[in-house]
Amino acid sequence: MIRATILDYGAGNLHSLSKALATPDVTVRIETDPLAAIETDVLILPGVGAFTGAISRLDPSRDAMRRALNEGLPCLGICLGMQLLFDSSDEGPGTGLGFFAGRVDRLCAALVPHMGWNTLHEATDPLLPSGALETAYYAHSFVCRPTDSAVVTAWTTVGQDRFPAIVRRRNTVGVQFHPEKSSAPGVRFIRAFLASVSELRVGQ
Amino acid sequence: MTLSRRVIVCLDVANDQVVKGVQFKGLRSIGDPAAMAVGYEQAGADEVVLLDITASAEARSTRWEMVHWTAEQLFIPLTFGGGVRSVGDVNRALRAGADKVAINSAAVARPGVISEAVTWFGSQCIVASIDAKRDGGARSGWRVIVHGGRTETSLDAVAWAAECVDRGAGEILLTSIDCDGGRTGYDLDLTRAVAAAVTVPVVASGGAGTVDHICAVLTEGGADAALVAGVLHDGIVSIESIKSAMAERGLPVRRERFWPASAVGVA
(Lines give C-alpha, C1' and ligand atoms only; values in the text may rest on other atoms or scores of the structure.)
Protein backbone atom coordinates (compact mmCIF):
# COMPACT_ATOMS: atom_id res chain seq x y z
CA MET A 1 0.00 0.00 0.00
CA ILE A 2 1.32 3.42 -1.00
CA ARG A 3 0.60 6.51 1.08
CA ALA A 4 0.03 9.61 -1.07
CA THR A 5 -0.22 12.93 0.74
CA ILE A 6 -1.68 16.08 -0.79
CA LEU A 7 -0.36 19.22 0.86
CA ASP A 8 -3.31 21.61 1.32
CA TYR A 9 -2.25 25.29 1.23
CA GLY A 10 -5.81 26.28 2.01
CA ALA A 11 -7.06 27.44 -1.40
CA GLY A 12 -9.16 25.51 -3.81
CA ASN A 13 -10.26 22.23 -5.19
CA LEU A 14 -8.59 18.98 -4.15
CA HIS A 15 -11.48 16.61 -4.89
CA SER A 16 -10.65 15.60 -8.45
CA LEU A 17 -7.02 15.16 -7.48
CA SER A 18 -7.86 12.94 -4.49
CA LYS A 19 -10.16 10.89 -6.66
CA ALA A 20 -7.57 10.54 -9.43
CA LEU A 21 -4.94 9.35 -6.92
CA ALA A 22 -7.17 6.89 -5.09
CA THR A 23 -6.80 3.29 -6.21
CA PRO A 24 -6.94 0.03 -4.27
CA ASP A 25 -3.14 0.30 -3.78
CA VAL A 26 -3.02 3.94 -2.69
CA THR A 27 -4.34 5.67 0.40
CA VAL A 28 -4.78 9.41 -0.02
CA ARG A 29 -4.39 11.86 2.83
CA ILE A 30 -4.89 15.64 2.74
CA GLU A 31 -2.52 17.40 5.13
CA THR A 32 -2.25 21.08 6.03
CA ASP A 33 0.98 20.76 8.04
CA PRO A 34 3.98 20.58 5.67
CA LEU A 35 6.16 18.76 8.23
CA ALA A 36 3.52 16.07 8.66
CA ALA A 37 2.98 15.96 4.88
CA ILE A 38 6.54 14.81 4.15
CA GLU A 39 6.03 11.73 6.33
CA THR A 40 4.66 9.87 3.33
CA ASP A 41 5.57 7.67 0.38
CA VAL A 42 4.67 10.27 -2.21
CA LEU A 43 4.06 13.98 -1.80
CA ILE A 44 1.62 15.85 -4.01
CA LEU A 45 1.88 19.65 -4.29
CA PRO A 46 -1.46 20.68 -5.82
CA GLY A 47 -2.05 23.50 -8.27
CA VAL A 48 -4.41 25.89 -6.59
CA GLY A 49 -3.79 29.33 -5.10
CA ALA A 50 -1.10 31.95 -5.50
CA PHE A 51 2.70 31.66 -5.04
CA THR A 52 3.12 33.91 -2.02
CA GLY A 53 0.21 32.44 -0.07
CA ALA A 54 1.35 28.88 -0.67
CA ILE A 55 5.04 29.52 0.00
CA SER A 56 4.28 31.31 3.26
CA ARG A 57 2.57 28.11 4.42
CA LEU A 58 5.69 26.15 3.45
CA ASP A 59 8.19 28.62 4.85
CA PRO A 60 8.80 27.16 8.33
CA SER A 61 9.39 23.71 6.87
CA ARG A 62 11.07 24.62 3.59
CA ASP A 63 14.44 23.15 4.54
CA ALA A 64 12.93 19.90 5.80
CA MET A 65 10.89 19.51 2.63
CA ARG A 66 13.84 20.29 0.38
CA ARG A 67 15.95 17.76 2.29
CA ALA A 68 13.24 15.10 1.92
CA LEU A 69 13.07 15.71 -1.84
CA ASN A 70 16.85 15.63 -2.16
CA GLU A 71 16.89 12.36 -0.26
CA GLY A 72 14.53 10.91 -2.86
CA LEU A 73 10.97 11.43 -1.59
CA PRO A 74 8.87 11.09 -4.76
CA CYS A 75 6.88 14.24 -5.44
CA LEU A 76 4.39 15.42 -8.06
CA GLY A 77 4.00 19.21 -8.25
CA ILE A 78 1.03 20.41 -10.29
CA CYS A 79 0.85 23.93 -11.81
CA LEU A 80 1.54 26.20 -8.80
CA GLY A 81 2.93 23.08 -7.09
CA MET A 82 5.49 22.79 -9.89
CA GLN A 83 6.38 26.47 -9.56
CA LEU A 84 6.99 26.08 -5.81
CA LEU A 85 9.81 23.66 -6.66
CA PHE A 86 11.79 26.55 -8.25
CA ASP A 87 13.82 29.32 -6.59
CA SER A 88 11.41 32.26 -6.79
CA SER A 89 8.48 33.72 -8.71
CA ASP A 90 7.55 37.05 -10.27
CA GLU A 91 4.00 36.36 -9.07
CA GLY A 92 4.98 37.48 -5.60
CA PRO A 93 7.61 37.56 -2.87
CA GLY A 94 8.83 34.44 -1.12
CA THR A 95 11.57 31.85 -1.47
CA GLY A 96 10.67 28.68 -3.32
CA LEU A 97 11.86 25.18 -2.50
CA GLY A 98 14.76 25.55 -4.94
CA PHE A 99 14.70 21.90 -5.91
CA PHE A 100 14.97 23.05 -9.53
CA ALA A 101 17.27 25.98 -10.29
CA GLY A 102 15.47 28.81 -12.02
CA ARG A 103 12.77 31.44 -11.76
CA VAL A 104 9.06 31.59 -12.45
CA ASP A 105 7.99 34.52 -14.61
CA ARG A 106 4.98 35.77 -16.49
CA LEU A 107 3.86 33.96 -19.63
CA CYS A 108 4.51 36.08 -22.69
CA ALA A 109 1.39 35.68 -24.85
CA ALA A 110 -1.48 37.68 -26.33
CA LEU A 111 -4.05 36.09 -24.02
CA VAL A 112 -3.07 35.53 -20.38
CA PRO A 113 -4.03 33.36 -18.44
CA HIS A 114 -3.19 30.44 -20.69
CA MET A 115 -6.54 28.74 -20.24
CA GLY A 116 -7.48 25.59 -22.09
CA TRP A 117 -6.21 22.46 -23.78
CA ASN A 118 -2.75 22.55 -25.31
CA THR A 119 -0.48 19.94 -26.83
CA LEU A 120 2.79 18.67 -25.35
CA HIS A 121 5.79 18.44 -27.63
CA GLU A 122 9.38 17.16 -27.53
CA ALA A 123 8.09 14.77 -24.86
CA THR A 124 10.76 12.45 -23.47
CA ASP A 125 9.40 11.82 -19.99
CA PRO A 126 9.21 8.11 -19.11
CA LEU A 127 5.61 8.67 -17.95
CA LEU A 128 4.60 9.49 -21.51
CA PRO A 129 5.05 6.28 -23.46
CA SER A 130 3.60 6.37 -26.97
CA GLY A 131 2.12 9.83 -26.55
CA ALA A 132 -0.47 8.73 -24.00
CA LEU A 133 -1.06 12.33 -22.96
CA GLU A 134 -1.02 14.46 -26.09
CA THR A 135 -3.26 17.32 -24.99
CA ALA A 136 -3.58 18.58 -21.42
CA TYR A 137 -5.55 21.28 -19.60
CA TYR A 138 -3.71 24.42 -18.50
CA ALA A 139 -4.87 27.37 -16.37
CA HIS A 140 -1.96 29.63 -15.41
CA SER A 141 -0.36 33.03 -15.98
CA PHE A 142 3.19 32.17 -14.87
CA VAL A 143 5.69 29.65 -16.24
CA CYS A 144 8.92 28.03 -15.02
CA ARG A 145 12.26 29.02 -16.57
CA PRO A 146 14.74 26.36 -15.44
CA THR A 147 18.43 27.29 -15.54
CA ASP A 148 19.22 23.88 -16.98
CA SER A 149 16.86 22.84 -19.77
CA ALA A 150 18.00 19.23 -19.33
CA VAL A 151 15.39 18.91 -16.54
CA VAL A 152 12.61 19.54 -19.06
CA THR A 153 10.98 16.31 -20.26
CA ALA A 154 8.14 17.90 -22.27
CA TRP A 155 7.40 21.39 -23.60
CA THR A 156 4.33 23.44 -24.46
CA THR A 157 4.10 26.57 -26.59
CA VAL A 158 1.67 29.50 -26.52
CA GLY A 159 2.19 31.98 -29.33
CA GLN A 160 5.97 32.43 -29.37
CA ASP A 161 6.55 31.41 -25.76
CA ARG A 162 7.89 27.87 -25.31
CA PHE A 163 7.94 26.71 -21.69
CA PRO A 164 8.25 23.46 -19.73
CA ALA A 165 5.15 21.27 -19.54
CA ILE A 166 7.05 18.70 -17.43
CA VAL A 167 10.27 18.96 -15.45
CA ARG A 168 11.89 16.02 -13.71
CA ARG A 169 14.85 15.34 -11.46
CA ARG A 170 14.93 11.79 -10.20
CA ASN A 171 11.55 11.05 -8.63
CA THR A 172 10.32 14.60 -8.40
CA VAL A 173 8.14 15.62 -11.31
CA GLY A 174 6.59 19.03 -11.94
CA VAL A 175 3.78 19.50 -14.44
CA GLN A 176 2.48 22.88 -15.58
CA PHE A 177 -0.82 21.37 -16.75
CA HIS A 178 -3.55 19.86 -14.57
CA PRO A 179 -3.53 16.08 -15.10
CA GLU A 180 -6.55 15.77 -12.77
CA LYS A 181 -8.47 18.03 -15.19
CA SER A 182 -7.18 16.46 -18.40
CA SER A 183 -9.86 13.77 -18.59
CA ALA A 184 -8.94 10.10 -18.89
CA PRO A 185 -5.43 10.64 -20.35
CA GLY A 186 -4.59 12.89 -17.40
CA VAL A 187 -5.84 10.36 -14.88
CA ARG A 188 -3.73 7.72 -16.63
CA PHE A 189 -0.70 10.03 -16.29
CA ILE A 190 -1.24 10.29 -12.52
CA ARG A 191 -1.66 6.51 -12.28
CA ALA A 192 1.55 6.01 -14.28
CA PHE A 193 3.40 8.29 -11.86
CA LEU A 194 2.09 6.32 -8.87
CA ALA A 195 3.00 3.04 -10.56
CA SER A 196 6.57 4.29 -11.13
CA VAL A 197 6.79 5.23 -7.45
CA SER A 198 5.52 1.86 -6.32
CA GLU A 199 8.07 0.05 -8.53
CA LEU A 200 10.72 2.13 -6.83
CA ARG A 201 9.58 0.86 -3.45
CA VAL A 202 9.61 -2.72 -4.63
CA GLY A 203 13.16 -2.13 -5.91
CA GLN A 204 14.40 -0.89 -2.52
CA MET B 1 1.86 23.01 -30.45
CA THR B 2 -1.60 24.41 -30.48
CA LEU B 3 -4.00 25.78 -27.94
CA SER B 4 -7.41 24.28 -28.74
CA ARG B 5 -10.56 26.33 -29.04
CA ARG B 6 -12.98 25.14 -26.41
CA VAL B 7 -16.53 23.84 -26.45
CA ILE B 8 -17.99 24.44 -22.99
CA VAL B 9 -21.25 22.85 -21.91
CA CYS B 10 -23.54 24.90 -19.68
CA LEU B 11 -25.90 23.17 -17.29
CA ASP B 12 -28.52 25.50 -15.84
CA VAL B 13 -29.40 24.14 -12.43
CA ALA B 14 -32.41 24.86 -10.21
CA ASN B 15 -33.01 23.00 -6.96
CA ASP B 16 -30.08 20.70 -7.79
CA GLN B 17 -31.59 19.55 -11.08
CA VAL B 18 -30.51 20.54 -14.58
CA VAL B 19 -33.34 22.54 -16.09
CA LYS B 20 -34.26 23.87 -19.47
CA GLY B 21 -36.33 26.83 -20.48
CA VAL B 22 -36.28 29.91 -22.68
CA GLN B 23 -35.01 32.94 -20.79
CA PHE B 24 -35.71 31.36 -17.45
CA LYS B 25 -39.43 30.83 -18.11
CA GLY B 26 -41.19 27.49 -17.91
CA LEU B 27 -38.34 25.51 -16.35
CA ARG B 28 -38.37 21.76 -16.80
CA SER B 29 -36.01 19.28 -15.14
CA ILE B 30 -33.93 17.31 -17.63
CA GLY B 31 -31.46 15.43 -15.43
CA ASP B 32 -28.92 15.13 -12.67
CA PRO B 33 -25.99 17.61 -12.89
CA ALA B 34 -23.23 15.10 -12.12
CA ALA B 35 -24.56 12.45 -14.49
CA MET B 36 -25.00 14.96 -17.31
CA ALA B 37 -21.58 16.55 -16.72
CA VAL B 38 -19.84 13.17 -16.83
CA GLY B 39 -21.80 12.23 -19.94
CA TYR B 40 -20.61 15.37 -21.69
CA GLU B 41 -17.00 14.76 -20.56
CA GLN B 42 -17.16 11.32 -22.14
CA ALA B 43 -18.60 12.86 -25.30
CA GLY B 44 -15.56 15.15 -25.52
CA ALA B 45 -16.68 18.43 -23.91
CA ASP B 46 -13.72 20.61 -22.91
CA GLU B 47 -15.27 22.12 -19.77
CA VAL B 48 -18.55 22.26 -17.87
CA VAL B 49 -20.28 25.27 -16.35
CA LEU B 50 -22.87 24.77 -13.61
CA LEU B 51 -25.07 27.84 -13.49
CA ASP B 52 -27.30 27.84 -10.42
CA ILE B 53 -30.53 29.70 -11.17
CA THR B 54 -32.34 28.55 -8.03
CA ALA B 55 -34.63 31.41 -7.11
CA SER B 56 -34.69 31.45 -3.32
CA ALA B 57 -31.73 31.70 -0.99
CA GLU B 58 -33.10 28.91 1.26
CA ALA B 59 -33.35 26.51 -1.66
CA ARG B 60 -29.70 27.23 -2.48
CA SER B 61 -28.47 25.72 0.75
CA THR B 62 -27.74 22.34 -0.81
CA ARG B 63 -25.85 23.66 -3.83
CA TRP B 64 -22.35 23.11 -2.45
CA GLU B 65 -23.15 19.43 -2.02
CA MET B 66 -24.26 19.38 -5.65
CA VAL B 67 -20.98 21.02 -6.73
CA HIS B 68 -19.02 18.56 -4.58
CA TRP B 69 -20.83 15.56 -5.98
CA THR B 70 -20.32 16.76 -9.55
CA ALA B 71 -16.67 17.74 -9.10
CA GLU B 72 -15.79 14.41 -7.57
CA GLN B 73 -16.81 12.57 -10.70
CA LEU B 74 -15.59 15.01 -13.32
CA PHE B 75 -12.04 15.12 -14.71
CA ILE B 76 -12.39 18.23 -16.82
CA PRO B 77 -12.62 21.81 -15.49
CA LEU B 78 -15.80 22.82 -13.69
CA THR B 79 -16.98 26.41 -13.38
CA PHE B 80 -19.66 27.34 -10.87
CA GLY B 81 -21.81 30.45 -11.22
CA GLY B 82 -25.10 31.83 -9.98
CA GLY B 83 -25.73 33.79 -6.82
CA VAL B 84 -22.04 34.14 -5.91
CA ARG B 85 -22.13 37.19 -3.65
CA SER B 86 -18.84 37.34 -1.78
CA VAL B 87 -15.29 36.07 -1.41
CA GLY B 88 -16.79 33.63 1.11
CA ASP B 89 -19.05 32.20 -1.60
CA VAL B 90 -16.07 31.92 -3.97
CA ASN B 91 -14.18 30.04 -1.28
CA ARG B 92 -17.13 27.72 -0.65
CA ALA B 93 -17.50 26.98 -4.37
CA LEU B 94 -13.77 26.23 -4.72
CA ARG B 95 -13.69 24.09 -1.61
CA ALA B 96 -16.73 22.22 -2.91
CA GLY B 97 -14.72 21.37 -5.99
CA ALA B 98 -15.22 24.08 -8.61
CA ASP B 99 -12.07 25.04 -10.54
CA LYS B 100 -13.40 28.46 -11.51
CA VAL B 101 -16.12 30.67 -10.10
CA ALA B 102 -18.21 33.10 -12.14
CA ILE B 103 -19.25 36.37 -10.50
CA ASN B 104 -22.01 38.42 -12.10
CA SER B 105 -24.45 40.75 -10.30
CA ALA B 106 -22.33 40.89 -7.14
CA ALA B 107 -19.43 42.40 -9.09
CA VAL B 108 -21.68 45.07 -10.57
CA ALA B 109 -22.96 45.92 -7.10
CA ARG B 110 -19.41 46.01 -5.69
CA PRO B 111 -16.55 45.68 -8.22
CA GLY B 112 -14.03 45.18 -5.40
CA VAL B 113 -15.31 41.63 -4.96
CA ILE B 114 -13.42 40.65 -8.13
CA SER B 115 -10.13 42.18 -6.95
CA GLU B 116 -10.47 40.53 -3.54
CA ALA B 117 -11.27 37.10 -4.98
CA VAL B 118 -8.30 37.39 -7.36
CA THR B 119 -5.96 38.27 -4.50
CA TRP B 120 -7.06 35.22 -2.54
CA PHE B 121 -7.46 32.62 -5.23
CA GLY B 122 -5.66 33.86 -8.36
CA SER B 123 -6.88 35.19 -11.71
CA GLN B 124 -7.13 31.76 -13.29
CA CYS B 125 -10.15 30.81 -11.18
CA ILE B 126 -12.14 34.04 -11.31
CA VAL B 127 -14.53 34.48 -14.22
CA ALA B 128 -16.37 37.73 -14.80
CA SER B 129 -19.83 36.78 -16.04
CA ILE B 130 -21.45 39.61 -17.99
CA ASP B 131 -24.98 39.72 -19.39
CA ALA B 132 -25.21 42.34 -22.14
CA LYS B 133 -28.11 43.80 -24.08
CA ARG B 134 -28.09 45.96 -27.19
CA ASP B 135 -28.81 49.57 -26.24
CA GLY B 136 -28.22 52.60 -28.45
CA GLY B 137 -27.82 54.67 -25.30
CA ALA B 138 -24.73 52.76 -24.18
CA ARG B 139 -21.40 54.01 -25.51
CA SER B 140 -20.36 50.73 -27.13
CA GLY B 141 -23.92 49.83 -28.09
CA TRP B 142 -24.41 47.27 -25.31
CA ARG B 143 -25.49 47.73 -21.71
CA VAL B 144 -24.84 45.46 -18.72
CA ILE B 145 -27.98 43.76 -17.40
CA VAL B 146 -28.13 41.97 -14.03
CA HIS B 147 -30.39 39.68 -12.04
CA GLY B 148 -30.89 37.12 -14.77
CA GLY B 149 -31.63 39.67 -17.46
CA ARG B 150 -34.22 41.65 -15.52
CA THR B 151 -32.42 44.76 -14.29
CA GLU B 152 -30.64 47.40 -16.38
CA THR B 153 -27.50 49.04 -15.04
CA SER B 154 -25.67 52.23 -15.96
CA LEU B 155 -22.64 50.23 -17.12
CA ASP B 156 -21.42 49.96 -20.68
CA ALA B 157 -20.79 46.27 -21.40
CA VAL B 158 -17.45 46.64 -23.22
CA ALA B 159 -16.04 49.11 -20.69
CA TRP B 160 -17.22 46.89 -17.82
CA ALA B 161 -15.50 43.85 -19.34
CA ALA B 162 -12.25 45.84 -19.53
CA GLU B 163 -12.63 46.92 -15.90
CA CYS B 164 -13.21 43.34 -14.75
CA VAL B 165 -9.97 42.33 -16.47
CA ASP B 166 -8.13 45.29 -14.92
CA ARG B 167 -9.33 43.98 -11.57
CA GLY B 168 -7.81 40.60 -12.36
CA ALA B 169 -10.60 38.44 -13.79
CA GLY B 170 -8.98 35.64 -15.79
CA GLU B 171 -11.83 35.01 -18.19
CA ILE B 172 -14.98 36.73 -19.44
CA LEU B 173 -18.20 34.75 -19.79
CA LEU B 174 -20.22 36.98 -22.10
CA THR B 175 -23.94 36.35 -22.60
CA SER B 176 -26.06 38.20 -25.11
CA ILE B 177 -29.50 38.66 -23.54
CA ASP B 178 -30.90 39.49 -27.00
CA CYS B 179 -29.72 36.22 -28.51
CA ASP B 180 -30.06 33.90 -25.51
CA GLY B 181 -32.51 31.11 -26.22
CA GLY B 182 -33.25 32.34 -29.75
CA ARG B 183 -31.02 29.79 -31.52
CA THR B 184 -30.40 32.21 -34.37
CA GLY B 185 -26.69 32.69 -33.69
CA TYR B 186 -24.45 34.44 -31.17
CA ASP B 187 -24.14 38.24 -31.10
CA LEU B 188 -20.96 38.37 -33.17
CA ASP B 189 -20.57 42.16 -32.95
CA LEU B 190 -20.80 42.13 -29.15
CA THR B 191 -18.36 39.25 -28.84
CA ARG B 192 -15.89 40.89 -31.23
CA ALA B 193 -16.10 44.22 -29.40
CA VAL B 194 -15.40 42.64 -26.01
CA ALA B 195 -12.67 40.30 -27.30
CA ALA B 196 -10.90 43.31 -28.82
CA ALA B 197 -11.07 45.21 -25.54
CA VAL B 198 -9.57 42.57 -23.23
CA THR B 199 -6.43 40.39 -23.00
CA VAL B 200 -8.07 37.35 -21.39
CA PRO B 201 -10.10 34.58 -23.05
CA VAL B 202 -13.72 35.41 -23.88
CA VAL B 203 -16.34 32.66 -23.66
CA ALA B 204 -19.31 33.54 -25.87
CA SER B 205 -22.78 32.57 -24.71
CA GLY B 206 -26.33 32.88 -25.97
CA GLY B 207 -27.77 32.06 -29.35
CA ALA B 208 -26.28 28.76 -30.51
CA GLY B 209 -28.65 26.99 -32.88
CA THR B 210 -26.31 25.21 -35.29
CA VAL B 211 -22.67 24.15 -35.53
CA ASP B 212 -22.19 27.03 -37.98
CA HIS B 213 -23.22 29.53 -35.30
CA ILE B 214 -20.58 28.08 -32.98
CA CYS B 215 -17.88 28.20 -35.64
CA ALA B 216 -18.85 31.78 -36.51
CA VAL B 217 -18.45 33.10 -32.98
CA LEU B 218 -15.04 31.41 -32.71
CA THR B 219 -13.83 32.89 -36.00
CA GLU B 220 -15.65 36.14 -36.89
CA GLY B 221 -16.64 36.73 -33.27
CA GLY B 222 -13.12 36.38 -31.92
CA ALA B 223 -14.24 34.25 -28.95
CA ASP B 224 -11.76 31.82 -27.45
CA ALA B 225 -14.50 29.40 -26.43
CA ALA B 226 -18.21 28.83 -27.08
CA LEU B 227 -20.76 28.04 -24.41
CA VAL B 228 -23.44 25.65 -25.58
CA ALA B 229 -26.55 24.54 -23.69
CA GLY B 230 -30.09 23.88 -24.94
CA VAL B 231 -29.24 22.98 -28.51
CA LEU B 232 -26.93 20.28 -27.13
CA HIS B 233 -29.36 19.00 -24.50
CA ASP B 234 -32.04 18.72 -27.21
CA GLY B 235 -29.72 16.64 -29.37
CA ILE B 236 -29.80 19.10 -32.29
CA VAL B 237 -26.01 19.23 -32.22
CA SER B 238 -23.46 16.96 -30.49
CA ILE B 239 -19.98 17.68 -29.15
CA GLU B 240 -18.63 15.54 -31.98
CA SER B 241 -20.61 17.37 -34.68
CA ILE B 242 -19.43 20.72 -33.29
CA LYS B 243 -15.79 19.63 -33.19
CA SER B 244 -15.96 18.12 -36.67
CA ALA B 245 -17.29 21.40 -38.03
CA MET B 246 -14.61 23.36 -36.15
CA ALA B 247 -11.84 21.12 -37.48
CA GLU B 248 -13.17 21.46 -41.04
CA ARG B 249 -12.81 25.21 -40.70
CA GLY B 250 -9.24 24.85 -39.52
CA LEU B 251 -9.91 25.61 -35.84
CA PRO B 252 -7.68 23.62 -33.46
CA VAL B 253 -9.78 21.22 -31.40
CA ARG B 254 -9.06 18.62 -28.76
CA ARG B 255 -10.04 15.25 -30.11
CA GLU B 256 -8.64 12.52 -27.95
CA ARG B 257 -9.97 9.08 -28.32
CA PHE B 258 -12.60 9.81 -25.73
CA TRP B 259 -11.94 7.11 -23.19
CA PRO B 260 -14.20 7.53 -20.21
CA ALA B 261 -12.51 7.95 -16.85
CA SER B 262 -14.13 4.65 -15.82
CA ALA B 263 -11.83 2.93 -18.31
CA VAL B 264 -8.90 3.75 -16.04
CA GLY B 265 -10.64 2.56 -12.90
CA VAL B 266 -12.04 5.73 -11.39
CA ALA B 267 -14.93 4.70 -9.17
Side-chain angles (χ1 to χ4, degrees), chain A residues 10-20 22-24 47-54 79-80 91 109-122 133-142 155-159 162 178-192, chain B residues 1-6 8 41-42 44-47 67-78 91 93-100 118-125 127 170-171 195 198-203 224-225 252-267:
Chain A
N13 166 20
L14 304 174
H15 296 296
S16 307
L17 183 56
S18 306
K19 203 80 178 187
T23 63
V48 286
F51 185 87
T52 301
C79 194
L80 172 67
E91 192 186 358
L111 293 186
V112 178
H114 175 218
M115 183 100 72
W117 298 78
N118 205 332
T119 48
L120 281 67
H121 53 85
E122 298 156 82
L133 180 69
E134 293 162 354
T135 308
Y137 185 81
Y138 293 80
H140 63 113
S141 303
F142 291 83
W155 296 84
T156 291
T157 301
V158 182
R162 171 177 173 266
H178 284 270
E180 79 284 14
K181 293 289 153 191
S182 298
S183 202
V187 176
R188 280 200 301 272
F189 178 88
I190 291 174
R191 299 284 162 83
Chain B
M1 289 195 231
T2 318
L3 180 60
S4 300
R5 308 298 283 278
R6 291 169 288 159
I8 303 179
E41 175 187 352
Q42 293 178 359
D46 295 315
E47 293 186 29
V67 173
H68 185 149
W69 177 240
T70 305
E72 227 180 38
Q73 299 174 65
L74 196 68
F75 292 97
I76 56 175
L78 176 67
N91 186 39
L94 294 174
R95 293 303 282 189
D99 300 291
K100 299 187 258 186
V118 166
T119 304
W120 281 96
F121 307 108
S123 285
Q124 75 291 336
C125 67
V127 180
E171 196 165 62
V198 299
T199 54
V200 302
V202 172
V203 181
D224 188 65
V253 293
R254 175 181 74 102
R255 299 178 89 186
E256 308 268 3
R257 282 166 293 162
F258 303 125
W259 295 353
S262 57
V264 289
V266 178

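First the proteins, then the strands, lettered A, B, ... as listed; each starts at 1. All values derive from a computational prediction rather than experimental measurement.
- The neighbour count for Trp155(A) CH2, taken as heavy atoms of other residues, nucleotides or ligands under 6.0 Å away, is above 12.
- Put simply, the side chain of Phe75(B) does not reach to within 4.5 Å of the side chain of Pro185(A), judged on heavy atoms.
- A donor-acceptor contact shorter than 3.5 Å is absent between the side chain of His15(A) and the backbone of Gln73(B).
- Interatomic distance, Glu180(A) CD to Asp99(B) CG, rounded to the nearest 0.5 Å: 7.5 Å.
- Of the atoms belonging to Ser182(A), it is backbone heavy atoms, and not side-chain ones, that fall under 4.5 Å from chain B.
- Ala93(B) does not touch chain A: none of its heavy atoms, backbone or side chain, sits under 4.5 Å away.
- Panel note: side chain Thr119(A), backbone Thr2(B); a donor-acceptor pair is recorded below 3.5 Å.
- Taking both residues in full, the closest heavy atoms of Gly116(A) and Arg6(B) are given as CA-CD, 3.8 Å, listed atom of the first, atom of the second, then distance.
- With rounding to the nearest 0.5 Å, the separation of OH in Tyr138(A) from OG in Ser4(B) is 11.0 Å.
- Here the shortest heavy-atom pairing between Ser183(A) and Ile76(B) reads CB-CG2, 3.9 Å.
- Most heavy-atom pairs under 4.5 Å with chain A, from the set Gly122(B), Gly170(B), Pro252(B): that is Gly170(B).
- In this structure, CZ on Arg254(B) lies 11.0 Å from OH on Tyr137(A), to the nearest 0.5 angstrom.
- Looking at Ala139(A), both its backbone and its side chain come within 4.5 Å of chain B, counting heavy atoms on both sides.
- Here Arg255(B) contributes atom CZ and Glu134(A) contributes atom CD; the two are 13.0 Å apart, rounded to the nearest 0.5 Å.
- Proximity to chain B is limited to the side chain of His114(A), based on heavy atoms less than 4.5 angstrom apart.
- Scanning both residues, Ala71(B) and Ser16(A), for their nearest heavy atoms gives O-OG, 3.3 Å.
- One distance of note links CG of Leu3(B) with CE of Met115(A); it measures 10.5 Å at 0.5 Å rounding.
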